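Being a predicted model, the structure only gives us computed values, none of them experimental. Sequence lines set the chain letters: A, B, ... in the order given, protein chains first and strands last, and positions in each chain run from 1.
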2 protein chains.
Amino acid sequence: MHQTIIDTLKRNQLSITDSRKKILELFLHAKGALAHFDIEHQSGAEFDRVTIYRTLQTFVEKGIIHTIPTADNSIRYALCKDDCANGHHHDDHVHFMCDSCGTTYCLDHVTVPQVSLPNGFTVTQTDVIMSGKCMKCV
Amino acid sequence: MHQTIIDTLKRNQLSITDSRKKILELFLHAKGALAHFDIEHQSGAEFDRVTIYRTLQTFVEKGIIHTIPTADNSIRYALCKDDCANGHHHDDHVHFMCDSCGTTYCLDHVTVPQVSLPNGFTVTQTDVIMSGKCMKCV
DNA sequence: TATATTTTGCAACGCTGTTGCATTGTATTA
DNA sequence: TAATACAATGCAACAGCGTTGCAAAATATA
Ligand SMILES: [Mn+2]
Ligand SMILES: [Mn+2]
Ligand SMILES: [Zn+2]
Ligand SMILES: [Zn+2]
């Protein structure tokens, strides 16, 4: 696991620092997506807010994590699959946010459906966010 | 037009105030969705920020407008169809946000597709946000 | 180990959204 | 229309998110 973390950083030409290792570790252990808030708390106030912001930015640019738009307007982040790299994301799965526990899931096996738009619109991205209750909160 | 505004407010048991009339008017004339920022500027600094926030909240609760989640994490608002009332929204259409001009469209005639989820998830809402270029920005 | 390059922490800032409370405006009834 | 009850507004203050500039610290390179 520790080696996976270092490999991932090296593969993306990132220097190995404490904050990057720790934040990447949090994502690898996380069940759902993480918000900045979660990371700040789960890392035990070890790093500055700004460092966390910058690390998340870097990870998004490198294709290590992707952002998830949510209805409550708070950005969440989750690990990408292997085919995302260097700013070219290919995350075409549906996201689910539980109204009860707030957990945000990447439904990797549910692909976003094709939606045809009126003439004149050119689509480059489609986000599907579903909400309701998850299996733990029935 | 002016009568439409007053009627709408009365129908929703809202008292007739300058800010409500003005903000509702802005929505009726708007081509796309409006953010708080847009309203604050288009109303000519006539009303306090807080009043605008509270008016938007009230309109959402009454089913006059609905919120649109966007990938850039800024809430936008747009008029509801007639069948939304008193906190019961039935907005099941797709939204499109232009990367070029920022305009957010309600595609009222494009309904959100059915997406079946794995067992355990109970869905109450589905949001589809598409982005790319609109007809004005080809 | 010495040097060049990156990353970090801190301070400061602007923006968004919320709350409490006194003042003002609207609706109601006589 | 005027008096009253009630609701909405403006103001001040606050908390949270996200960004930037810069000096100090950590990392990579040789
Ligand atoms: Mn995802
Ligand atoms: Mn809409
Ligand atoms: Zn849940
Ligand atoms: Zn456009």
Side-chain angles (χ1 to χ4, degrees), chain A residues 2 5-26 33-62 64-77 86 102 104, chain B residues 2 5-26 33-62 64-77 86 102 104:
Chain A
H2 182 250
I5 292 171
I6 294 193
D7 280 353
T8 301
L9 292 176
K10 281 192 175 160
R11 193 180 336 118
N12 287 281
Q13 291 143 333
L14 293 173
S15 46
I16 318 291
T17 68
D18 289 348
S19 55
R20 286 172 181 166
K21 280 189 288 184
K22 182 66 181 179
I23 293 175
L24 192 45
E25 192 190 356
L26 289 179
L34 297 175
H36 177 273
F37 178 93
D38 303 319
I39 294 166
E40 196 170 340
H41 285 74
Q42 290 181 29
S43 63
E46 200 177 340
F47 310 107
D48 193 83
R49 285 182 336 111
V50 180
T51 300
I52 298 175
Y53 280 117
R54 289 199 267 229
T55 304
L56 290 173
Q57 260 176 226
T58 305
F59 283 3
V60 170
E61 281 160 17
K62 290 294 186 177
I64 300 173
I65 59 178
H66 62 278
T67 60
I68 305 170
T70 60
D72 77 339
N73 233 44
S74 70
I75 312 178
R76 316 248 166 162
Y77 303 85
N86 253 315
T104 304
Chain B
H2 182 250
I5 292 172
I6 294 194
D7 279 353
T8 302
L9 293 176
K10 280 191 176 158
R11 192 181 339 116
N12 286 282
Q13 291 146 334
L14 293 173
S15 45
I16 318 291
T17 68
D18 288 348
S19 56
R20 285 174 182 166
K21 279 190 287 184
K22 181 67 179 177
I23 294 176
L24 192 45
E25 192 191 357
L26 288 178
L34 298 175
H36 176 274
F37 178 93
D38 303 319
I39 295 166
E40 194 170 342
H41 285 73
Q42 290 182 28
S43 63
E46 202 176 340
F47 309 108
D48 194 82
R49 286 181 336 109
V50 180
T51 300
I52 298 175
Y53 280 116
R54 289 198 266 229
T55 303
L56 290 172
Q57 258 176 226
T58 305
F59 283 2
V60 170
E61 281 161 15
K62 290 294 186 176
I64 300 173
I65 59 177
H66 63 277
T67 60
I68 306 170
T70 61
D72 77 340
N73 231 44
S74 69
I75 311 179
R76 316 247 166 164
Y77 302 85
N86 254 314
T104 304

Side-chain donor-acceptor pairs of residues 41-50 of chain B under 3.5 Å, sequence neighbours excluded:
residue: B:His41; atom: ND1; partner: B:Phe37; partner atom: O; Å: 2.9
residue: B:Ser43; atom: OG; partner: B:Ile39; partner atom: O; Å: 2.8
residue: B:Ser43; atom: OG; partner: B:Glu40; partner atom: O; Å: 3.3
residue: B:Asp48; atom: OD2; partner: B:Val50; partner atom: N; Å: 2.9

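- Atom OG1 of B:Thr55 is separated from atom CD of B:Gln57 by 9.5 Å, given to the nearest 0.5 angstrom.
- In this structure, the CD1 atom of B:Ile39 is 11 Å from the P atom of C:dG17, given to the nearest Å.
- Atom CD of B:Glu46 is separated from atom C1' of D:dT9 by 13 Å (rounded to the nearest Å).
- In this entry the distance linking NZ of B:Lys21 with P of D:dA8 reads 15 Å, nearest Å.
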> For A:Leu9 and A:Phe59, what are the C-alpha separation, side-chain angles and deciding distance, and is it a side-chain contact (heavy atoms from CB on, under 4.5 Å)?
Replying inline: CA-CA 9 Å; A:Leu9 292 176; A:Phe59 283 3; 4.0 Å; yes
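- A straight line from CD1 of B:Ile52 to P of C:dG17 spans 12 Å, rounded to a whole angstrom.
- Residues B:Thr51 and B:Thr17 are not in side-chain contact: their nearest non-hydrogen atoms beyond the backbone lie 4.5 Å or more apart.
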What N/O pairs connect the protein and nucleotides 28-30 of chain C at under 3.5 Å? Give each pair on its own line.
none

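- Between B:Asp48 atom CG and C:dC21 atom P there is a gap of 18 Å when expressed in whole angstrom units.
- Counting heavy atoms from C-beta on, the side chains of A:Ile16 and A:Lys10 come closer than 4.5 Å.
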> If the sugar-phosphate is the primed atoms plus P, OP1 and OP2 and the base is the rest, what is the B/S/- string for nucleotides 18-30 of chain D, using protein heavy atoms under 4.0 Å?
Replying inline: BBBB-----SS--
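- B:Lys21 pairs with exactly one of B:Ile5, B:Leu26, B:Thr8 by the side chain to side chain contact (heavy atoms under 4.5 Å, CB included) rule, that one being B:Ile5.
- In this structure, A:Asn12 places its CG atom 13 Å from P of C:dT7, rounding to the nearest Å.
- Checking side-chain atoms of A:Arg20 against main-chain N and O of A:Ser15 turns up a donor-acceptor pair under 3.5 Å.
- To the nearest 0.5 angstrom, B:Asn12 atom CG is 9.0 Å from B:Leu24 atom CG.
- Distance CG/B:Leu56 to CD1/B:Ile23: 5.5 Å, rounded to 0.5 Å.
- Between the CG atom of A:Leu34 and the P atom of D:dC17 there is a distance of 15 Å, given to the nearest Å.
- In this structure, the CG atom of A:Leu9 is 16 Å from the P atom of C:dT6, given to the nearest Å.
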